[in-house]
Amino acid sequence: DIQMTQSPSSLSASVGDKVTITCRASQGIDNYLAWYQQRPGKVPNLLIYAASTLQSGVPSRFSGSGSGTDFTLTISSLQPEDVATYYCQKYNSAPWTFGQGTKVEIK
Amino acid sequence: EVQLVESGGGLVQPGGSLRLSCAASGFTFSSYGMHWVRQAPGKGLQYISGISSNGDSTYYASSVRGRFTISRDNSKNTLYLQMGSLRGEDTAVYYCARRNSGNDYWGQGALVTVSS
């Protein structure tokens, strides 16, 4: 099975900072990559699919890039409501494996 | 409005069984594959099972294969997860999720606690 590895596992940044999370697949997955946000105590929410397509209703400060094995989620200007754990997920074929998550906090 | 509502969670003894249901509404259920994803307390998301739109194709993570069975009843717009031979490490919140480009809709989750 393809493994998904995120880095860092956690980060702390100030409001207004640019934040970057990376996700690496152990084999190529084209652009079949999704990103999710899970706020504390809440259900996961799809942010981005096809590596770079923003889901409807998601703020434009979120963006995604990459293809093949290396992917990036960027928050251009961190806001207090962005405190959450972020997960990548491959969906080119079963199993639809998630990365281990990146916890984002406000400094 | 798309809604997914899980039910059937609870406390079960090790070795026991439980069936989760996920009632879908607001979309053509029979047109979408569906997934079960779980999250152990304080841990990350784990994809455990998926089923095609017509139920012909299923997938199980190795951790549940042979113990869990996914199924669906398109006439009732309902997804199921039959869980057997439950272990402590199966304790988690279980989410059903619609398969699209990613999982675009999720239920609120059902807590399953395996303990004596």
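Reminder, nothing fancy here: chain letters follow the sequence lines and each chain counts from 1.
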query: Do you reckon A/Ile48 sits in the same ILVMFWY cluster as A/Val58, going by side-chain contacts under 4.5 Å, direct or chained?
result: yes
query: Out of curiosity, does B/Tyr80 fall in the hydrophobic cluster containing B/Val112 (side-chain heavy atoms, cut-off under 4.5 Å, transitive links)?
result: no
query: Is B/Leu81 reachable from B/Phe29 through a run of I, L, V, M, F, W or Y residues, each pair having side-chain heavy atoms under 4.5 Å apart?
result: yes
- request: Determine, stepwise, if the pair B/Leu45 / A/Gln89 fulfils side-chain contact (heavy atoms from CB on, under 4.5 Å).
  value: CA-CA 10 Å; B/Leu45 301 172; A/Gln89 181 198 39; over 6 Å; no
message: Taking B/Trp106 as the starting point, is it possible to reach B/Val5 by hopping between hydrophobic residues whose side chains are less than 4.5 Å apart?
response: no
- request: Please assess A/Tyr49 against B/Asn100 for the test side-chain contact (heavy atoms from CB on, under 4.5 Å), listing each intermediate value before the final yes or no.
  value: CA-CA 9 Å; A/Tyr49 62 93; B/Asn100 202 346; over 6 Å; no
- prompt: Which answer fits A/Asn45, side chain, backbone, both or neither, if we ask what part of it has an atom under 4.5 Å from a heavy atom of chain B?
  reply: neither
field: Least distance between heavy atoms, B/Asn103 atom then A/Leu46 atom
entry: O-CB, 3.7 Å
field: Interface moiety of B/Val93 toward chain A, non-hydrogen atoms closer than 4.5 Å
entry: neither
message: Tell me whether the count of non-hydrogen atoms from other residues, nucleotides or ligands lying under 6.0 Å of OH in A/Tyr32 goes above 12.
response: no
- prompt: Given that the side chain runs from C-beta out, which part of A/Lys42 has a heavy atom under 4.5 Å from chain B: side chain, backbone, both or neither?
  reply: backbone
message: Can you give me the closest heavy-atom contact between A/Trp96 and B/Arg99, atom names plus distance?
response: CH2-CG, 2.9 Å
- prompt: Who wins among A/Gly99, A/Ala50, A/Ala34, A/Pro44 for the most heavy-atom pairs under 4.5 Å with chain B?
  reply: A/Pro44
statement: Scanning both residues in full, the closest heavy-atom pair of B/Tyr47 with A/Ala94 reads OH-CB, 4.3 Å
message: Using a 4.5 angstrom heavy-atom cutoff, name the option from B/Gly44, B/Gly102, B/Ser49, B/Gly109 with the most pairs to chain A.
response: B/Gly102
query: Of all heavy-atom pairs between B/Lys43 and A/Tyr87, which one has the smallest distance, and what is that distance?
result: O-OH, 3.9 Å
query: Around atom CZ of B/Arg67, are there more than 12 heavy atoms of other residues, nucleotides or ligands at under 6.0 Å?
result: yes
message: Would a single hydrophobic cluster contain both A/Tyr91 and A/Ile2, if residues Ile, Leu, Val, Met, Phe, Trp and Tyr are joined by side-chain heavy-atom contacts under 4.5 Å?
response: no
statement: Minimal heavy-atom distance between A/Val43 and B/Gln108, with the atoms involved, is CG2-CA, 3.8 Å
message: Counting only non-hydrogen atoms closer than 4.5 Å, does A/Tyr36 touch chain B with its backbone (N, CA, C, O), its side chain (CB onward), both, or neither?
response: side chain
